[in-house]
There are 4 protein chains.
Amino acid sequence: MASPPENRPRGAGRPRSAAADRAILSATRSALVELGWSALTMSAVASRAQVARTTLYRRWPGKSELVVDAVADLFDERLELPDRGSLAADIEWVVLRFAALLEQPETKTGLMAVLAEATRDEALRARIRSAIVGRQKALVLRGRARAQDRGELAPDPPGDAGARQAARTVDLIFDVVAGSVIHRALVSSEPVDEDWARDFAALVTGGLTGAGPRTG
Amino acid sequence: MASPPENRPRGAGRPRSAAADRAILSATRSALVELGWSALTMSAVASRAQVARTTLYRRWPGKSELVVDAVADLFDERLELPDRGSLAADIEWVVLRFAALLEQPETKTGLMAVLAEATRDEALRARIRSAIVGRQKALVLRGRARAQDRGELAPDPPGDAGARQAARTVDLIFDVVAGSVIHRALVSSEPVDEDWARDFAALVTGGLTGAGPRTG
Amino acid sequence: MASPPENRPRGAGRPRSAAADRAILSATRSALVELGWSALTMSAVASRAQVARTTLYRRWPGKSELVVDAVADLFDERLELPDRGSLAADIEWVVLRFAALLEQPETKTGLMAVLAEATRDEALRARIRSAIVGRQKALVLRGRARAQDRGELAPDPPGDAGARQAARTVDLIFDVVAGSVIHRALVSSEPVDEDWARDFAALVTGGLTGAGPRTG
Amino acid sequence: MASPPENRPRGAGRPRSAAADRAILSATRSALVELGWSALTMSAVASRAQVARTTLYRRWPGKSELVVDAVADLFDERLELPDRGSLAADIEWVVLRFAALLEQPETKTGLMAVLAEATRDEALRARIRSAIVGRQKALVLRGRARAQDRGELAPDPPGDAGARQAARTVDLIFDVVAGSVIHRALVSSEPVDEDWARDFAALVTGGLTGAGPRTG
DNA sequence: CCCTAAGCGAGACGGTACGTCCCGTCTTGCG
DNA sequence: CGCAAGACGGGACGTACCGTCTCGCTTAGGG
């Protein structure tokens, strides 16, 4: 759940309203869709959330951080990976699932804007990774393990070297899957439909089962 | 060369200074690096370019358009693709080449910012595609043709269906290559080094030469 | 002693801390000196008095009232009028005494600020008159009586008309003395020293003993 | 005429609107009357003057300075001193004239507030003296000269000592007249009517013609 | 001796004004 | 007409206080 960091002493003083938190994040998302990043103002969010502007600043340092948290919620939804029978089918499913997320205007606008803002701000980048991107990586891990169980992929070699190699592969797959879908959807402005998903899954599966990355 | 559209009547009055154009675009790039997108102001550009703010507005409608033009220049550099002997080696070379471009702070910041801005603006998105992204696609075409000459990839089937199939594959490869590199560099914040490029190239080559996208 | 009105039911519950009252008024005075009226905030007073902001509001309705009470204390000091032997000497003494009070930064700032605030608020003006200004008038009465005893001034004529006439004169003297000193010290920004006091006393004594106000 | 200092380079750029200046000062005065010092905001002034808030800040650093200039205008009115035939009558006239000024709510509120603010700010105090208070002193000089011509007052002794003595007397009278009237009107909250003016004039004339300040 | 009503600290809350910065437009005067 | 300079109306920013409101914890009487 996305919300401002709660490392406050607690005990003294009136507690913060949890309802306000929810209202603010929700208002941020809807305002983001209607106004876009640059026209999104703290005032707009505040008035939509029926909350004073100061309350926003009490919880978040600025627009970027607020939007990151607001957008992160959207990526919190079900991350289950139903077993579709084969590695290729699993990949297709993930791709379409992710694409559906990027279809939603709020996700699209928010994600890109926040990424752009993060270009110059490593702290923000880290926040994005932990709040949004990182948790998607679990999917890759699960799908890979399942493919190994099925015998589609070779099991990890034992030992430290094997673990390192596995991690490298997971990172690679993750960048390829997420990056390709984002690029297709947001840069090329072409639909990520079933056809594309099938082509993409075939490409990746072929690469993985055929040669696979060579050991460094 | 990026510059403001020149569909002006021409003839009467003092002509616009070409030197100003150059100074402005260059100032925009340097300011973008130092300040980042959001802190980049027209005033800042104007004072760096030793130019009045009015002069900027006479040539570009706003910040986004100015930055797109300024950044586009950077992608105009050499797009040659030396023959490295194999498909995998060619891909590696392209990846590292592109990564080097993204290392430059101006490219990184500018590209992401402009993409984010474009999320809500199809006209801007088109401008980006034609000015920046599109011309990269030529590389993919050339590399693929070369691999077909070498026999690494099957030649395109004849007829319309074959051409469509070829176009689909080119688009796919392009999204995969560009997207993966961008994601690795700008989201995961991990280096796009020779090791990663080799792994990536192996993955893609395996997918292409092994199964390849099935015909829809 | 200045303090918040105590018309509270009394009996049940924890009684208010008298120490807090003292700390608050003292903190108000010191803060007033260091910060001036406009920069003086309830928060500043609270933190100096080691007291919660709420405690202030429980006792005073706002800044003006708090400052009036705090400043009034300063005018509570010794109001004795030693017999200096002549009307002129008595006036000199009063003038220098008052000037010394206005030298103190807390009195100066506080008095003017409170007067300004009172310009639009008759209730506050009344409070000031009764808490601060009014009690100074006793000095004039005493000095005048003494001068009449000495024979420097004519005794009050008997009857109502005489009393009214006496009251008018006292009011006049009071405004002249207080007003002149305040103007010299706070507007002209010139020192109220012994020379000035002597000149002033000479002027007033001359006016009083010579012609004196004619009967209306 | 009160207005922001005009020590700007001049020549380049669009000149400031003089109409705006007038509108702002006038709006300030009316807002001051209706709202009082503390409720007077820059926004209120701006909207009354049909001017952007930034325009205010371009010309004055803050509220205090703006109000000083606005109030100063009111003291710019006719400062003539008609010859009323005697020193006492002249003084009466000046007193009533000044009192009439202080009756106007704008003058009253503005003057006191500005004086209070100036208590802690010598620069502001100087500005007040030069813009408001100082020019009133000319009246005293003229009245005194006229009384000397009439023979009511002794002529100034020649030489430096005489000039110094004259200056001291003028300063004294000025503080006494202005201070007494202000105190009567704004602190005692009593009317400065013809009766009071006559009493006051009698007191001062008596002091001047009778003993007068002794030589230090 | 405990009960209870108030005091008290802390701090969140809805507001409002501040003074600054930038936007995009407009008016100047000089080439 | 281009151009530099800079005023203009407008709007968002982030900060500081305001006066009110909840909290949980003292802390005195009064039963």
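Residue numbers begin at 1 in each chain, while the letters A, B, ... track the order of the sequences. Values below: all heavy atoms of this structure, side chains included; hydrogens, waters and symmetry mates excluded.
Of the residues near DNA chain E, B:M42 and D:P61, the one whose nearest nucleotide (by heavy atom distance) lies more toward the 5' end is D:P61. Both B:A52 and D:S17 sit near DNA chain F, but only B:A52 has its closest nucleotide nearer the 5' end. Remark on DNA chain F: of its neighbouring residues A:S43 and B:V51, the 5'-side contact belongs to B:V51, judged by nearest-heavy-atom nucleotide. Position along DNA chain E of the nearest nucleotide to C:T55 versus D:A39 favours C:T55 as the more 5'-ward residue.
For E:dG24, the base has a donor-acceptor partner in the side chain of B:R53 [N/O atoms by modelled type, under 3.5 angstrom].
Separation of atoms CG (C:L40) and CG (C:L35) is listed at 6.0 Å; rounding is to 0.5 Å.
For the pair D:I24 CD1 and F:dA7 C1', the interatomic distance rounds to 12 Å; values are reported in whole Å. When rounded to the nearest whole Å, the span between CZ of A:R58 and P of E:dG15 equals 12 Å. Between the CG atom of B:D21 and the P atom of F:dG2 there is a distance of 13 Å, given to the nearest Å. Residue D:K63 contributes atom NZ, which lies 16 Å from atom P of E:dT20 at whole-angstrom precision. The nearest whole Å value for the distance from the OH atom in C:Y57 to the C1' atom in F:dT20 is 9 Å. Taking atom CH2 on A:W60 and atom P on E:dA12, their separation rounds to 13 Å, with Å as the unit. Regarding D:L56, its CG atom lies at a distance of 17 Å from the P atom of E:dC21, rounded to whole Å. Going from atom CG of B:L66 over to atom P of E:dG24 covers 11 Å, rounded to whole Å.
A sub-4.0 Å separation between OP1 or OP2 of F:dC8 and a side-chain N or O of D:R59 is present. Note on C:R16: a side-chain N or O is less than 4.0 Å away from OP1 or OP2 of E:dG7.
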Do B:W37 and B:M112 pass the side chain to side chain contact (heavy atoms under 4.5 Å, CB included) test, and can you show the C-alpha distance, the side-chain angles, and the key distance before you say yes or no? CA-CA 9 Å; B:W37 168 270; B:M112 287 305 292; over 6 Å; no

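Across all strands, B:T54 comes closer than 4.0 Å to base atoms (heavy-atom distances).
The shortest heavy-atom contact between D:A52 and D:A46 is C-CB, 4.2 Å.
Contact of the D:E34 side chain with the D:R48 side chain is registered, since non-hydrogen atoms from C-beta on lie closer than 4.5 Å.
For D:R14, the listed nucleotide lying nearest its side chain is E:dC26; candidates were E:dC26, F:dG9, E:dG14.
By the 4.0 Å N-to-carboxylate-O rule, A:R59 lies close enough to A:D21 to be salt-bridged with it.
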